[in-house]
Each structure stands twice: as C-alpha cells, then as structure tokens.
Amino acid sequence: KLTLFSKQMISHSFAYFPTLGTLDMSHAQALRFSDFDQIERSLTLVSCPLTFNYETAAQELQLELVDLQCDATLSEKFHSVQLDEFYAVLNEAKFPCIRPAAQKILVLFSSTYAGEQTFSLMNVNQLSDNHLSCVLRIATTQLSTDFDALAKRGDQLHSSH
C-alpha cells in the first residue's frame, strides 16, 4: 500500500487522500517561505559580505562593502569568528550602514532561537503557573549564579535531623 500511495503522491493523484488534492502544496510552501524571499539579498549580504557584489547592493552600502572587501585584517577576522562577533568588531564610524543592517538580520535568528528555547522549556515542565513563571524567569535571565561563593559563605546551611 505504501508503494502505491507513494507513486500516487508523486504523480499528484490523490484518490485515497482527497483533502490533499484540494491543497495547492506549492502555493502553501511559497507562502511559508515568502518572508525569506523578501530578505534574501540582505541575508546573503550579511552572511557573505566578502563576496557579495557591491554593485548590486543598496547605494548606502556600496562604499562600505568595497572597504570591507579590501581589508585583509577584516577578511581574516570574518573567517575566524562567528558572524555576530564579526559585526560587533566593525568600527561604527567606518561602517555606519553595514553594521546596523547586519544587526537587524542577526537579531531575527537570535530572538527566534530564544523563543523556541523558552517554549521548549514550557513543554517539558508540567508545573503550576506560578512555578512555570519562576522557571521561565530563571531560564531567560542574563544573570549567572556563583554557587561556589554561595557555598563558601555558608550562612544558609541547614543540617538535616
């Protein structure tokens, strides 16, 4: 049966799955990725600034791209660190347009990741609303705890029985 269904799906014959026949899968897929189509050039520029064709870039970015592509030190830096670290080290005065453009693109992915991690945490923990709120606050905080220092202080130690 699976072989039959597979062959029918490939040939777009949906006799056994009439609901699938009513869906325009290519249209649904196009809608799903249409946001990426709109920012594709920006994604390419941010991910490959050393090879991006500066002539096709927005005018305000062209000279900065030429400067970036001709700088051997920045080229080496680009290949040795993560994208976010690379754009963080760019001189704001020398690259006033590329740096913010890259930050706008990079923040899309970091905020999506943080959101997915948070929702993943919510799904794992079957807790009351109050406890879930506390777990989320701890999971999303930027603060770190120095457990060794707390243990050395010892003012909250309790012996059991």
Side-chain angles (χ1 to χ4, degrees), residues 6 9-10 12 20 23-157:
S6 176
M9 296 293 267
I10 290 169
H12 297 286
L20 285 177
L23 297 175
D24 181 2
M25 297 304 273
S26 61
H27 178 69
Q29 190 172 20
L31 281 176
R32 177 175 229 170
F33 295 105
S34 65
D35 291 343
F36 284 109
D37 290 340
Q38 293 173 8
I39 61 170
E40 180 180 10
R41 289 179 45 73
S42 296
L43 289 169
T44 304
L45 180 124
V46 169
S47 63
C48 306
L50 301 176
T51 58
F52 193 86
N53 183 352
Y54 59 84
E55 293 176 352
T56 63
Q59 260 187 336
E60 66 272 10
L61 299 175
Q62 289 178 342
L63 291 178
E64 291 182 30
L65 269 175
V66 171
D67 289 340
L68 182 71
Q69 292 173 358
C70 292
D71 190 319
T73 305
L74 288 176
S75 177
E76 185 179 321
K77 189 71 160 176
F78 178 79
H79 293 293
S80 64
V81 297
Q82 297 290 323
L83 268 180
D84 59 337
E85 294 174 46
F86 172 74
Y87 285 106
V89 300
L90 286 183
N91 184 317
E92 289 182 57
K94 191 172 180 180
F95 301 101
C97 297
I98 287 182
R99 198 165 182 257
Q103 289 170 340
K104 286 178 187 175
I105 294 297
L106 294 173
V107 76
L108 292 173
F109 297 101
S110 64
S111 62
T112 300
Y113 176 78
E116 288 177 3
Q117 291 298 98
T118 302
F119 284 114
S120 172
L121 188 71
M122 288 174 60
N123 290 333
V124 169
N125 292 293
Q126 302 297 320
L127 303 171
S128 68
D129 288 345
N130 187 36
H131 285 107
L132 182 58
S133 175
C134 293
V135 168
L136 289 175
R137 180 173 291 155
I138 291 167
T140 57
T141 187
Q142 296 297 320
L143 301 175
S144 60
T145 306
D146 187 354
F147 290 107
D148 291 333
L150 289 172
K152 287 178 185 174
R153 232 174 67 192
D155 60 352
Q156 296 277 331
L157 294 177

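Keep in mind the model is a prediction, meaning the values are calculated, not measured.
Residue Phe52 qualifies as enclosed at atom CZ: its count of foreign heavy atoms under 6.0 Å is above 12. More than 12 heavy atoms of other shown residues, nucleotides or ligands fall within 6.0 angstrom of atom CG in Leu50.
Judged as a salt bridge (charged side-chain N to carboxylate O under 4.0 Å, His left out), the pairs with a partner in residues 96-105 (not counting sequence neighbours) are, in order, Glu92-Arg99. A salt bridge (charged side-chain N to carboxylate O under 4.0 Å, His left out) check over residues 43-60, counting only residues at least two apart or in different chains, returns nothing.
Shortest non-hydrogen contact noted between Ala57 and Leu61 is CB-CB, 4.4 Å. Heavy atoms only, all atoms of each residue included: Cys97 and Pro100 are closest at O-CD, 3.4 Å.
In this structure, the side chains of Asp71 and Lys94 come closer than 4.5 Å at one or more pairs of heavy atoms. Looking at Leu68 and Leu90, their side chains come closer than 4.5 Å, going by heavy atoms from C-beta outward.
When each of Ile105, Leu65, Thr51, Asn53 is paired with Leu45, the side chain to side chain contact (heavy atoms under 4.5 Å, CB included) condition holds for Leu65 and for no other.
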Can you give the donor-acceptor pairs under 3.5 Å from side chains of residues 76-88 to other protein atoms, not counting sequence neighbours?
{"unit_1": "Ser80", "atom_1": "OG", "unit_2": "Glu76", "atom_2": "O", "d": "3.2"}
{"unit_1": "Ser80", "atom_1": "OG", "unit_2": "Lys77", "atom_2": "O", "d": "3.1"}
{"unit_1": "Tyr87", "atom_1": "OH", "unit_2": "Val46", "atom_2": "O", "d": "2.7"}

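The line from CD of Gln62 to CD1 of Ile98 is 10.5 Å long, rounded to the nearest 0.5 Å.
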